[in-house]
Structures are given as C-alpha cells and as structure tokens.
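Quick notes on the structure that follows.
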Amino acid sequence: MSFQNFCYGIVAVAGISLALFGKSPPAPPAPYPPTPEALRFAAAEAAYPFHNASIELPAGDRQFQGPGAEVANANCLSCHSAGMVLNQPPLSRAVWEEEVRKMRTAYHAPVAEADVEPIAKYLASLPRP
Ligand code: HEC
C-alpha cells in the first residue's frame, strides 16, 4: 500500500466514524439548584393552578345602520367596534373626513380614497343625541 493510499484510508475512516458517531452536543442541563425565577414560577403555579375558563365578551356585533351604512361596515369594523365610532360627539362632515384620513395615516386602515367621502357623509348624517 502506498503512503498516499494509506492517507486516503485514514481520512475515509475518520469521515465515516464522524458520520456514524458524531453527535451534536447535548442541551445544557437545567441549572441546579434552580434559579430564584424558576422557584417563584413553580410556587405561583402551585398557588394558582392554571385552568380553562369561558368568558363572555361584551357584544361586539353592533353594526352601522341605515342608508349608506354598507361602506362604513366594510371599512370601519376590522379594528374596533362600531361603538368606537358612534360614541363620538356630533361631528361635521369635514371633521369626519379628517377622522377617516387619520385612520388611514395613523393606523394604516386600508380605506380606498373613493370611500373616504361616502363614509364621512354617512357618519355626519347619523342622528345624534
Ligand atoms: C387599521 C385599523 C383601523 C381601522 C380599519 C379603522 N380604525 Fe378607527 N381607530 C383605530 C385605532 C387603533 C384607534 C385608537 C383606539 C384607541 O385609542 O384605543 C381608532 C379610533 C377611532 C376613533 C376614536 C377617536 C380617535 O381618533 O381615536 C374613531 C372615531 C374611529 N377610530 C373611526 C374610524 C372610522 C370612521 C373608520 C372607518 C373609516 C375606522 N375608524 C377604521 C384603528 C382603525
């Protein structure tokens, strides 16, 4: 056997052993003694065990009503309830237009330019207490 072949042999055996027996290092064990955070968490879990609960959310199905409401229903209910809009003091059409534009610029509401005016017109037309 030539020296060169001997070297190839060594490299091949090393490669195969690495492929067969090479393992990634094991995850570090949990610290012992446990950290103060871990102890506090365990104590809290023992004192207040988690359990499932069913809650009733306040009715959020309120929609805009009346003529012209569709455009507001389509644009203004994805982030907050209609109540957020309807519980405002009476505002002029121009101020409502500003408000709708604010939703677009400040909160990135995807309201089409063509819908801004109809929404403002509808909101200004609503009867107010
Ligand atoms: C992309 C999400 C989003 C959409 C869509 C959206 N809004 Fe808002 N709106 C917000 C956020 C956020 C607030 C602030 C909530 C808070 O202060 O708790 C808000 C608040 C409001 C307020 C309360 C006053 C104020 O300026 O904070 C009004 C009125 C309002 N929105 C009207 C509308 C109208 C009309 C539409 C439909 C054109 C609309 N919103 C669509 C995100 C949105």
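All ligand and atom numbering here is 1-based and tracks the order in the structure.
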Shortest non-hydrogen separation from P110 to N75 and the atoms involved
O-OD1, 3.9 Å
Main-chain N/O of M84 paired with Q88 side-chain donor or acceptor, under 3.5 Å
yes
Nearest-0.5 Å distance, SG of residue C76 to CE of residue M103
8.5 Å
Given a cutoff of under 4.5 Å between side-chain heavy atoms of I, L, V, M, F, W and Y, with clusters grown through shared members, what are the other residues clustered with V95?
F64, V71, L77, V85, L86, L91, W96, V100, V111, V116, I119, Y122, L123, L126
Contacts of type side chain to side chain donor-acceptor pair (under 3.5 Å), residue E113, not counting sequence neighbours
R101, R104
Let me have the donor-acceptor pairs involving side chains of residues 43-50, under 3.5 Å, with sequence neighbours excluded, atom names and distances please.
none

Tabulating one pair per line, provide the atom names and distances (0.1 Å) for every N/O atom of ligand 1 that is less than 3.5 Å from a protein N/O atom.
unit_1, atom_1, unit_2, atom_2, d
ligand 1, 7 (N), H80, NE2, 2.8
ligand 1, 9 (N), H80, NE2, 2.9
ligand 1, 26 (O), E99, OE2, 2.6
ligand 1, 26 (O), K102, NZ, 2.5
ligand 1, 31 (N), H80, NE2, 2.9
ligand 1, 40 (N), H80, NE2, 2.8

